[in-house]
Amino acid sequence: MELHEHTALELHQLLQRGEVSPVEVAAHYLARIERLDPELGAFATVTPERALERAAAVAAEVPRPAPLWGMPLGDKDLHPRAGVPTAFGSRAFSGFVPDASDETVQAVDDAGAVSLGKTATPEFGLPSYTEALVGRPTRNPWDPTLGAGGSVVGAAATVASGMLPFAPGSDGGGSIRIPAAACGLVGVKPSRGRVPSGSGLASLAGLGVVGAIGRTVADAALLLDGLIAPTGYPARHRSSVRAPGDDGPYLGAAIRGEGRFQIGVLGDSPWDDAYDIVVAPEARSALDRAVAVLDAGRHGIELIPPAPEPGYAPAFRTIWQAGAASIPVEGERLALLEPLTQWLLERGRALPARQLAESLSWLAEYERRVIARFAPYDAVLSPALAMTPRPVGWYDADDGERNFAQQVQYTPFTSFVNVSGLPAVTVPVEFTADGAPMGVQLIGRPGGEATLFSIAAHLERRLRREPRHPPVW
């Protein structure tokens, strides 16, 4: 069996037993990247020499108990790594080489991981698809005519194609879960405050947190544990505010998949009053199958009554536009931005302070209502995406309003989880007749990661999916 055919957990065990070295692992995956990435466009930058030097240094200098010792991964192109080109998916930053690494990059280094390069992302991570003008479209390994989502899109494409065993990323409105679902992977967005290097506490409205993508539930849990406590437990939180509950480790829950839980099934989204949200038959089929599997596993299943939220769309749009207002691009360089980014930035910089304050206040109250609505359930189940993975070129490249509407219609079940600060996991369930992956999303209580991993593992195991890999594999 070749190295990339092992799960991340199996590869980690091989490294821990000394049956393979970090240098051998890095070299194997670099060879796959060289062969496969020209078709997929999953990497913004590949750093083979640095990777092999780092792998040798890990083998010689880093204690083997480090939680991600010798494991290869990629840095999302939104996370600067000192000395490596970081364009943030934008032509406005082509050629930029940062002098310092950000906290997430430092965390994976502290955990003993080996970065092979920078994974592709849409411009500043704003859209839920990746056709950035700075590079190539990132294509779905299952079907290269389809997109792989956004914004942790390069990471998802690398993991689905076996160019990496797992990958970290950040999620501010679905950025981990959208590409994970589109590529048939497990994507984990933790509770706000859970991961010290990407807690969400410093982001506008607390939206953006750092999480993990893997091919299995256990793989994603292994990486999340390393991100939470890269130097060992207890985790070193940088703030007095953190997610409730235990910081993990969660790998045990992800392996055992034990327990019986009360699960609510969500049929509505907070965007329903503002946009024409239609759940495609393929998305409904995946949800129905997940419900049937969990019901057969003797979990309690209950439909959640709709709760209209007509104020959500204008409040979230305000925050999304305000977030783009701080993009550090001025003057003539503005012309280098893509049309959607320019639209968001212009709208954001024109927002009155009162409107921003009112939207932040509304979303804070909305968070309380969501938590209260979901309180009777150990977890809430929803479609991961409302449609099948979208074709490359499907999104309107010029009309910002229509583009935003398209993104909402594709991903109506993700952003409200960020607004609410809740943990969520996407789990692949089945394939369409055309071979595209479809999945579901499990949403937990505040600090409920362990329960989510247990349910996700139970679902994964009972689905009894035959090993299946994309054609590029």
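Residue indices begin at 1 and follow the sequence shown. Note: hydrogens, waters and symmetry copies are ignored here, and every other heavy atom, side chains too, is used. Because the structure is predicted, anything quoted here is derived from the model rather than measured.
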Could you check whether Lys118 pairs with Asp75 (Lys NZ or Arg NE/NH1/NH2 to Asp/Glu carboxylate O, under 4.0 Å)?
no

Ion pair present between Arg236 and Asp247, side-chain N to carboxylate O less than 4.0 angstrom?
no

Sub-4.5 Å side-chain heavy-atom contact between Phe416 and Trp271:
no

Ring-face cation of Arg468 near Trp473 (centre distance under 6.0 Å, axis angle within 45°):
no

Would you mind checking if Arg81 and Asp102 are paired as a salt bridge, meaning a charged N to carboxylate O distance below 4.0 Å?
no

Is the shortest distance from a Lys or Arg side-chain nitrogen in Arg136 or Glu39 to a carboxylate oxygen in the other one below 4.0 Å?
no

Short question: side chain of Thr138, backbone of Ala148 - any donor-acceptor pair under 3.5 Å?
no

So Val427 and Gln441, do their side chains get closer than 4.5 Å, heavy atoms only?
no

What distance do Tyr29 atom OH and His4 atom NE2 have between them, rounded to the nearest 0.5 Å?
7.5 Å

Any carboxylate oxygen within less than 4.0 angstrom of a Lys/Arg side-chain nitrogen, looking at Arg54 and Glu49?
no

Are the side chain of Thr216 and the backbone N or O of Asp219 linked by a donor-acceptor pair below 3.5 Å?
yes

Decide whether a cation-pi geometry holds between Arg390 and Trp394; the criteria are a distance under 6.0 Å from NZ or CZ to the six-membered ring centre and an angle within 45° of the ring axis.
yes

Hey, could you give me the CD1/OG1 distance between Ile327 and Thr341, rounded to the nearest 0.5 Å?
5.5 Å

Is it true that Asn418 and Ser415 share a donor-acceptor pair across their side chains at a distance under 3.5 Å?
no

Measure the CD1-CG distance between Ile277 and Asp268 for me, rounded to the nearest 0.5 Å.
11.0 Å

Just to verify, which of Tyr129, Tyr395, Tyr275 counts as forming a side-chain contact (heavy atoms from CB on, under 4.5 Å) with Gln406?
Tyr395

Got a salt bridge between Arg402 and Asp396, using NZ or NE/NH1/NH2 to carboxylate O under 4.0 Å?
yes

